[in-house]
Every structure is written in C-alpha cells, then in structure tokens.
Chemist: 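Before I ask anything, here is the structure I am working with.
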Amino acid sequence: MSRILRSITKDGSAVCFATDSREIVEEARTIHHTTPTISAALGRTLTAASLMGITLKGEKDSVTLRIQGNGPAGTILAVSDSHGNVRGCVNNPLVDLPLNARGHLDVSGAVGREGNLYVVKDLGLREPYSGSVPLVSGEIAEDVTQYFARSEQIPTACALGVLVDTDLHIRAAGGLLMQLLPMADEAVVSQLERNVAALPDVTAMLDSGLSLQDMTARVFAGMEFEVLDEIPTAYRCHCSREFVERTLLSLGETELRRLAEEQEVTEITCHFCEKSYHFTAKELESLLQSALEDKENC
C-alpha cells in the first residue's frame with residue numbers, strides 16, 4: 001500500500017513528508033502502458049503531486065502539476081487531492097531513450113531541459129491559485145524545489161525516485177519533501193543541508209528495506225523529531241458517467257447535435273484511467289433534451 005509519513009522536529013523548525021509510492025506508480029504504468037523512461041518521469045510527477053497534496057488544508061482542495069518541457073514525452077499531468085490520492089497522464093507514454101551518462105533512466109531527456117512547471121491549487125476560492133517556474137533540469141525533483149523557492153518562498157528540498165525492474169514492473173518508488181518552518185535558526189538550517197546532501201537516492205533506501213521512519217530519521221539526523229501520522233494513498237480517478245455527461249453538455253448544443261448526427265456511438269475515454277464511456281445517438285439527444293428542459297424551467 002502506498003502511504004505518506006508526516007513528521008516534524010520537536011522544536012517546530014522543519015517538517016518532512018516521506019512517501020512510498022510504488023503501488024501508485026505501478027498502477028499508472030499498468031493503465032498507461034509506459035516505457036521505463038516514462039514510468040520514471042510520470043511516477044516522479046505523481047509522487048511529487050501526492051506529497052504536495054498532503055500539505056493542503058481543505059477536505060476538497062486539490063493540486064495539479066503540469067510539466068511542459070521540450071522533450072519527446074510532451075505534457076505530463078498529475079492531480080492530487082488533500083489526502084495524497086493522485087491520478088495522472090502523459091502525452092507520449094511510449095517514448096524510450098538510452099540510459100544517461102550515469103547509467104540511469106534519462107528522465108531529463110524525455111521531459112526536456114527547457115519548458116515550465118505549472119502548479120494550480122484549487123482551494124475552494126473563487127479563483128484557483130496558480131504559479132509557474134522554468135524547468136531547472138527536467139529531473140522533476142529540482143523543478144519542484146525551485147517552484148517552492150520562487151513561487152511560495154518556502155525553503156524546500158525535494159527528492160524523488162522510481163526504480164523499474166527488468167520485467168518493467170515498478171520495483172521501488174517514493175519521495176521526500178522537506179520544508180523549513182518560520183523562525184528556523186541557522187544551526188537547524190545548516191544541519192538539514194548537511195543531512196540532505198548526504199542522503200542516498202530515495203529508491204536505494206526503499207529498495208534496501210528502509211522504512212519511511214528510517215528515511216525521515218536520516219533527514220533529521222542530529223535532531224529530535226516526532227511522527228505526526230501515516231496516511232494511506234492511492235492512484236484514484238474520479239471520473240464517472242455523470243461527470244462525462246456534464247463534459248459533453250459543456251460542448252454546447254451545436255457540437256452535441258453534430259456528434260449525435262454523425263456517429264451511431266460516441267466514445268469518451270478518460271485520460272487518467274483509460275476507462276471508456278459510450279453514448280448512443282439517442283442517448284446524446286435525450287441528454288441534450290433534458291438539459292434544455294432544465295434550462296427552460298429555471
């Protein structure tokens with residue numbers, strides 16, 4: 001089961017969110033039939049969104065990460081609710097590249113080193129909060145770190161990783177999000193910087209059997225901390241036939257009539273879960289008629 005562990009130093013100077021997202025990333029790989037390189041790119045984005053989602057306060061809040069780089073992967077999208085449940089998609093799931101110079105999956109090459117990371121937070125207000133930053137490397141963790149520094153002015157360190165096994169299944173996936181809280185003193189800042197610099201790769205820690213609390217202890221080495229809670233997370237799509245009906249109605253009367261006239265059956269496929277919904281011409285006409293009647297009765 002995927003999960004997020006939330007912890008805080010006892011002096012209240014820093015927080016750490018640690019996640020094992022292997023099942024989330026494996027579910028995404030299964031749905032989208034991603035190559036190893038794209039499994040890593042999409043998996044890191046999903047993991048980052050899940051970690052950012054858990055920082056939201058409202059029950060119905062959500063955060064969307066959209067990465068638009070100049071690489072062959074195209075747009076990568078991930079959406080998380082405030083419980084860290086996440087869904088996502090990528091334009092080109094079949095892109096694969098040779099290993100990079102370090103012998104790792106070339107996520108940066110797939111994403112691109114030029115482009116932008118866009119973050120949209122729906123906090124239940126009239127307008128959602130949105131921010132964007134240029135990509136730093138296309139490795140995603142560095143880009144998320146830059147987003148927090150430039151758009152939210154929160155000193156943050158982010159580490160993300162996806163390890164793909166030889167049979168293409170996800171062997172390990174996870175992430176760490178560390179943030180300084182207001183009034184953190186210089187000694188704490190220096191200690192955290194040293195600790196973060198000494199961290200092994202996230203997937204190396206998970207693959208070796210370290211628990212989320214073990215990983216957090218490495219982040220907070222030399223400091224006392226307490227675990228706040230551990231939250232189960234999942235790959236979760238919220239699509240439904242009713243949602244698709246509302247989407248079809250948003251196309252407008254002219255477009256809906258055109259679909260009913262030109263196609264015996266209209267198929268709508270969810271980008272996040274690949275579930276297909278089918279509407280006959282008669283069902284589209286009935287849907288439109290009901291909408292027009294509701295409008296007249298208002």
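Residue numbers start at 1 and run along the sequence shown.
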Chemist: To the nearest 0.5 Å, what is the distance between CG on Asn92 and OG1 on Thr34?
Modeler: 12.5 Å
Chemist: Is there a donor-acceptor contact under 3.5 Å from the side chain of Thr55 to the main chain of Leu51?
Modeler: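 It does not hold such a pair.
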Chemist: Could you tell me if the side chain of Arg87 sits less than 4.5 Å from the side chain of Tyr235, heavy atoms only?
Modeler: yes
Chemist: Indicate yes or no: does Glu255 engage Arg258 in a salt bridge with an N to O separation below 4.0 Å.
Modeler: yes
Chemist: How close do Leu135 and Gly69 get, counting heavy atoms only, and between which atoms?
Modeler: CD1-CA, 3.8 Å
Chemist: Using side-chain heavy atoms (C-beta onward) and a distance below 4.5 Å, is Leu199 in contact with Val219?
Modeler: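 SC-SC contact between Leu199 and Val219 confirmed.
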Chemist: For the atom pair CG (Leu99) and CG (Leu105), what is the distance rounded to the nearest 0.5 Å?
Modeler: 6.0 Å
Chemist: Taking the side chain as every heavy atom from C-beta outward, state whether Leu46 and Glu27 have any pair of such atoms under 4.5 Å apart.
Modeler: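 Not in contact.
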Chemist: When you group the ILVMFWY residues by side-chain heavy-atom contacts below 4.5 Å and let the links chain together, are Met223 and Leu181 in the same group?
Modeler: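 As far as the 4.5 Å side-chain criterion goes, Met223 and Leu181 are not connected within one cluster.
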Chemist: Any idea which heavy atoms bring Ser132 and Tyr118 closest together, and the distance?
Modeler: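 Looks like CB-CD2, 3.4 Å.
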Chemist: Could you see if Ile8 belongs to whatever hydrophobic cluster contains Leu192? Use Ile, Leu, Val, Met, Phe, Trp, Tyr and a side-chain cutoff under 4.5 Å.
Modeler: no
Chemist: Return each pair, listed once, that meets side chain to side chain donor-acceptor pair (under 3.5 Å) where at least one residue sits in residues 177-191; pairs must be two or more places apart or across chains.
Modeler: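 Residue pairs passing side chain to side chain donor-acceptor pair (under 3.5 Å), neighbours aside: Thr156-Gln179, Gln191-Arg194, Gln191-Asn195.
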Chemist: Side-chain contact, heavy-atom cut-off 4.5 Å: Ser50 with Phe17?
Modeler: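 No - every pair of side-chain heavy atoms lies 4.5 Å or more apart.
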Chemist: Count the heavy atoms of every other residue, nucleotide or ligand shown that sit under 6.0 Å from CD of Glu224, and state whether that count exceeds 12.
Modeler: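 No, CD of Glu224 has 12 or fewer neighbouring heavy atoms, counting only those of other groups under 6.0 Å.
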Chemist: Would you say CD of Glu114 has more than 12 non-hydrogen atoms from neighbouring residues, nucleotides or ligands within 6.0 angstrom?
Modeler: no
Chemist: Please check: side-chain N/O of Thr9 versus main-chain N/O of Ala14, any donor-acceptor pairing under 3.5 Å?
Modeler: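 Here the side-chain-to-backbone pair exists.
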Chemist: Taking atom CG of Asp207 and atom OG1 of Thr203, what is their separation to the nearest 0.5 Å?
Modeler: 7.5 Å
Chemist: Do you know which two heavy atoms are closest between Gln213 and Phe225, and how far apart they sit?
Modeler: O-CZ, 4.3 Å
Chemist: So does Glu226 have more than 12 non-hydrogen atoms from other groups sitting under 6.0 Å from CD?
Modeler: yes
Chemist: With a 4.5 Å cut-off on side-chain heavy atoms, are Val162 and Arg44 touching?
Modeler: yes
Chemist: Can you tell me how far apart CZ (Arg236) and SG (Cys273) are? Round to the nearest 0.5 Å.
Modeler: 13.0 Å
Chemist: Side chain of Ser151, backbone of Phe148: donor and acceptor closer than 3.5 Å?
Modeler: no
Chemist: Apply side-chain contact (heavy atoms from CB on, under 4.5 Å) to Leu251 and Leu259, showing your working.
Modeler: CA-CA 10 Å; Leu251 297 175; Leu259 289 174; 4.1 Å; yes
Chemist: Grouping I, L, V, M, F, W and Y whenever their side-chain heavy atoms are under 4.5 Å apart, do Leu176 and Ile231 come out in a common cluster?
Modeler: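 Result: no, two separate clusters.
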Chemist: Take Ser7 and Phe220 through the side-chain contact (heavy atoms from CB on, under 4.5 Å) test and state the conclusion after the steps.
Modeler: CA-CA 10 Å; Ser7 304; Phe220 288 147; 4.3 Å; yes
Chemist: Has the side chain of Thr19 got a donor or acceptor atom that lies under 3.5 Å from a matching backbone atom of Gly175?
Modeler: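 Not confirmed, Thr19 side chain does not pair with Gly175 backbone.
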Chemist: With sequence neighbours excluded, tell me which residues meet salt bridge (Lys or Arg N to Asp or Glu O under 4.0 Å) with Glu230.
Modeler: Arg3
Chemist: Measuring from Asn116:CG to Arg66:CZ, what's the distance to the nearest 0.5 Å?
Modeler: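 With rounding to 0.5 Å, CG (Asn116) is 9.0 Å from CZ (Arg66).
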Chemist: Could you verify whether a donor N or O on one side chain and an acceptor N or O on the other, from Asp96 and Thr37, lie under 3.5 Å apart?
Modeler: yes
Chemist: Does atom OH (Tyr129) have a neighbourhood of more than 12 heavy atoms from anything else shown, all under 6.0 Å?
Modeler: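 Correct, the count exceeds 12.
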Chemist: Decide whether Leu56 and Val86 are clustered together by the hydrophobic rule: side chain heavy atoms of Ile, Leu, Val, Met, Phe, Trp, Tyr closer than 4.5 Å, transitively.
Modeler: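 Yes; tracing contacts between hydrophobic side chains, which count when under 4.5 Å, links both residues.
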Chemist: Hey, are Arg257 and Glu261 close enough for a salt bridge, meaning a charged N less than 4.0 Å from a carboxylate O?
Modeler: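 A salt bridge is absent here (no side-chain N lies under 4.0 Å from a carboxylate O).
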Chemist: Run the side-chain contact (heavy atoms from CB on, under 4.5 Å) check on Arg6 and Asp229 step by step: do they pass?
Modeler: CA-CA 6 Å; Arg6 300 196 289 192; Asp229 52 20; 2.7 Å; yes
Chemist: Distance-only, no hydrogens or angles: does the Arg241 side chain make a donor-acceptor pair with backbone N or O of His278 under 3.5 Å?
Modeler: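 Indeed, once roles are kept as given, a pair shorter than 3.5 Å links the two residues.
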Chemist: Closest approach of Gly124 and Asp122, non-hydrogen atoms and distance?
Modeler: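 Looks like N-OD1, 3.2 Å.
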Chemist: Tell me, with the steps shown, if Phe279 and Glu245 meet side-chain contact (heavy atoms from CB on, under 4.5 Å).
Modeler: CA-CA 9 Å; Phe279 296 84; Glu245 288 176 351; 3.7 Å; yes
Chemist: Please round to the nearest 0.5 Å and tell me the distance separating atom CD of Gln289 and atom CG of Leu284.
Modeler: 13.0 Å
Chemist: Could you tell me whether the side chain of Gln153 and the main chain of Arg150 form a donor-acceptor pair under 3.5 Å?
Modeler: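 Yes; at least one donor-acceptor contact below 3.5 Å.
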Chemist: For the residue pair Ser2 and Ser21, confirm or rule out a side-chain donor-acceptor distance under 3.5 Å.
Modeler: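 Result is no, nothing qualifies.
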Chemist: Short question: side chain of Asp165, backbone of His169 - any donor-acceptor pair under 3.5 Å?
Modeler: no
Chemist: Does any N or O in the side chain of Ser82 come within less than 3.5 Å of the main-chain N or O of Gly58, such that one atom is a donor and the other an acceptor?
Modeler: yes
Chemist: Could you tell me whether His271 atom NE2 has more than 12 heavy atoms of other residues or ligands within 6.0 Å of it?
Modeler: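 Not more than 12 within 6.0 Å, no.
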Chemist: For Asp11 and Ser13, does a side-chain donor sit closer than 3.5 Å to a side-chain acceptor?
Modeler: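 Side-chain D/A pair, Asp11 to Ser13: present.
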Chemist: Answer yes or no: is there a side-chain heavy-atom contact under 4.5 Å between Pro134 and Gln146?
Modeler: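 In contact.
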Chemist: Taking the side chain as every heavy atom from C-beta outward, state whether Thr269 and Glu274 have any atom pair closer than 4.5 Å.
Modeler: yes
Chemist: Short question: side chain of Glu23, backbone of Met1 - any donor-acceptor pair under 3.5 Å?
Modeler: yes
Chemist: Just so I know, are the side chains of Val111 and Thr45 near enough to count as touching, which here means a heavy-atom distance under 4.5 Å?
Modeler: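 No, every pair of side-chain atoms sits at 4.5 Å or beyond.
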Chemist: With distance as the sole test, does Asp143 use its side chain to make a donor-acceptor pair with the main-chain N or O of Val136 at under 3.5 Å?
Modeler: yes
Chemist: Quick check: closest heavy atoms across Pro200 and Met205, and the distance to 0.1 Å?
Modeler: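 So the minimum-distance heavy-atom pair works out to O-CE, 3.6 Å.
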Chemist: Is it the case that one hydrophobic cluster holds both Ile140 and Val202, taking links as side-chain heavy atoms less than 4.5 Å apart, direct or via other members?
Modeler: no
Chemist: What is the minimum heavy-atom distance between Asn85 and Ala234, and which atoms define it?
Modeler: OD1-N, 3.0 Å
